[in-house]
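The structure under discussion appears below in the form of structure tokens.
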2 protein chains.
Amino acid sequence: MPNNKPVTMDAVYTAPGYLFRRMQQIAVALFIEECKAFDLTPVQYAALIAISTHPGIDATRLSAVIAFDRSTLGNVIERLEAKEFIVRKPAPEDRRVKLLYLTKAGAAVLDEIMPSVDKAQARMLQPLKPADRKTLLALLTQLVDLNNEASRVPLRAEDALEHLGKSG
Amino acid sequence: MPNNKPVTMDAVYTAPGYLFRRMQQIAVALFIEECKAFDLTPVQYAALIAISTHPGIDATRLSAVIAFDRSTLGNVIERLEAKEFIVRKPAPEDRRVKLLYLTKAGAAVLDEIMPSVDKAQARMLQPLKPADRKTLLALLTQLVDLNNEASRVPLRAEDALEHLGKSG
DNA sequence: GCCATATTGTCAGTATACTGTCAATTAAAT
DNA sequence: ATTTAATTGACAGTATACTGACAATATGGC
């Protein structure tokens, strides 16, 4: 037997899932606003950073390093390639794989966008008191980590991927 | 002059924006998993709740009550109508407006899905200690509220909309 | 009453996200 | 070595999200 309680909007407003969705939208809006001078979305920025720190990574491993869906990432890579921020080169030892590298333009945009990204990230938490910012960030980091396996694409950090290297 | 610091993945992993995105994806995954018996997404659920608590609301005001984009909501409403969980009726006093009402099936699915939604919401925070759950939820609620105007579609709760009533 | 303005729903275009599938290719089993 | 498995990038289909535009309709100033 289901419930008989009157339904109010609190069923939505106080649900963590709703708050996470809302906060994510706010985060994207702030990122776009701060970084509108650069032709980069938050997802594209994360992908660029990962390619920058892992030159020659392939799409599947990139997906694990930033925890983005492999299908989605295909389109992201396409757009980054169209903007000439990255190049795709076929891997010599495995003809299925295409390796990803930053171009000069990609490295440049990454270098230049950093201050704006930092500003956007700061603005997201700015309304809170400094101590609360720290607390929230710590709890959020913890929660994302502990819920890692609950997402379709769990994060597999660099270390966990090294043994998958082609010539290891 | 931009920076010269070596870029690591921490530029991504520790950014609040990245953590919010990740947590939102986890939240959706848990919702879908718990509610797979019901043909409802998180967004559709929120819309249904709002229509349930505001029978005869129109799409624009619905968008303000759940803080979802008006364009996006059009498609959501379409799908809810296709599933016959809601109906759209033209407003008699304003021929631009279409009023939204729950169907019997819509009310039924809302009633039945509640326990699963609650379970999903609980699972999102479960990895944290109970005290930490409270803290995170409180800070998150605060942050979303204080950042309300930063999002493209700020939340306008019921109260703020009452004076817009047709026959007020 | 007429005209500038605002509102409403809709649509086209772009960008995440996820599910499921597929061909090509590689690796593993025996 | 040949069959079987798994992996890789790609694709089709669905569902959010946002931008910008549009026609139909209402509303306000005058």
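Just so it is clear: chains get the letters A, B, ... in the order the sequence lines come, proteins before strands, and each one is counted from 1.
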Are B/F68 and B/V153 grouped together when hydrophobic residues (ILVMFWY) are joined by side-chain heavy atoms under 4.5 angstrom apart?
no
Please classify the nucleic acid contact of B/V76 as base, sugar-phosphate, or nothing, using heavy-atom distances under 4.0 Å.
sugar-phosphate
Please report the distance, rounded to the nearest Å, between [atom1] in [X] and [atom2] in [N].
X: B/E81; N: C/dG9; atom1: CD; atom2: P; value: 13 Å
X: A/Y18; N: D/dT16; atom1: OH; atom2: C1'; value: 15 Å
X: A/Q24; N: C/dA15; atom1: CD; atom2: C1'; value: 12 Å
X: B/L73; N: C/dC11; atom1: CG; atom2: C1'; value: 15 Å
X: B/Y45; N: D/dT16; atom1: OH; atom2: P; value: 15 Å
X: A/D69; N: C/dA15; atom1: CG; atom2: C1'; value: 14 Å
X: A/D58; N: C/dT25; atom1: CG; atom2: P; value: 17 Å
X: A/I32; N: C/dT14; atom1: CD1; atom2: P; value: 16 Å

For A/V28 and for A/R88, locate the closest nucleotide of DNA chain D by heavy-atom distance; then report the residue assigned to the nucleotide nearer the 5' terminus.
A/R88
Less than 4.0 angstrom from a charged side-chain N to a carboxylate O is my criterion; do B/R156 and B/E149 meet it?
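A salt bridge links B/R156 with B/E149.
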Taking for each residue the nucleotide of DNA chain C bearing the nearest heavy atom, is the 5' side occupied by A/K83 or by B/E78?
B/E78
Could you say whether A/D39 or A/A67 is positioned toward the 5' end of DNA chain C, judged by the nucleotide with the nearest heavy atom to each?
A/D39
Ignoring the backbone of [X], work out which of [options] is nearest its side chain.
X: B/T41; options: D/dA10, C/dT25, D/dA15; value: D/dA15
X: B/D94; options: C/dT10, D/dT16, D/dA26; value: D/dA26
X: B/N75; options: D/dG9, D/dT16, C/dG9; value: D/dT16
X: A/K98; options: D/dA10, D/dT16, D/dT25; value: D/dA10
X: A/Q44; options: C/dT16, D/dC11, C/dT8; value: C/dT16
X: B/T60; options: D/dC18, C/dG9, D/dT8; value: C/dG9

Is any side-chain N or O of A/S71 under 3.5 Å from a base N or O of C/dG20, one able to act as donor and the other as acceptor?
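For A/S71, whose side chain was compared with the base of C/dG20, there is a donor-acceptor pair (under 3.5 Å).
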Does any donor-acceptor pair link the side chain of B/R96 with the base of C/dT7 at a separation under 3.5 Å?
yes
In the strands shown, is C/dT10 matched to any nucleotide by a Watson-Crick or G-U wobble pair with both distances under 3.5 Å, and which?
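WC or wobble partner is D/dA21.
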Taking a pair to mean Watson-Crick or G-U wobble geometry with both distances below 3.5 Å, D/dA5 pairs with none
Syn or anti for C/dA24? Use the chi torsion, O4'-C1'-N9-C4 for purines and O4'-C1'-N1-C2 for pyrimidines, with syn inside 90° of 0.
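It is anti.
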Between A/N147 and B/M23, is any pair of side-chain heavy atoms under 4.5 Å apart?
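Yes. Closest side-chain heavy atoms under 4.5 Å.
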Less than 4.5 Å apart, any side-chain heavy atom of B/I66 and any of A/M9?
yes
What I want to check is whether the side chains of B/R22 and A/N148 have a donor and an acceptor closer together than 3.5 Å.
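Distance-only check passes for B/R22 and A/N148.
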Apply the test side chain to side chain contact (heavy atoms under 4.5 Å, CB included) to residues A/T60 and A/R70: give CA-CA distance (whole Å), side-chain angles for both, the deciding distance (0.1 Å), then the verdict.
CA-CA 6 Å; A/T60 296; A/R70 212 158 51 104; 3.5 Å; yes
With a 4.0 Å cutoff (strictly under), does any side-chain N or O of A/R70 reach OP1 or OP2 of D/dT8?
no
C/dT16 phosphate, OP1 or OP2, under 4.0 Å from A/R79 side-chain N/O
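So the side-chain polar atoms of A/R79 do come within 4.0 Å of the phosphate oxygens OP1 or OP2 of C/dT16, strictly under.
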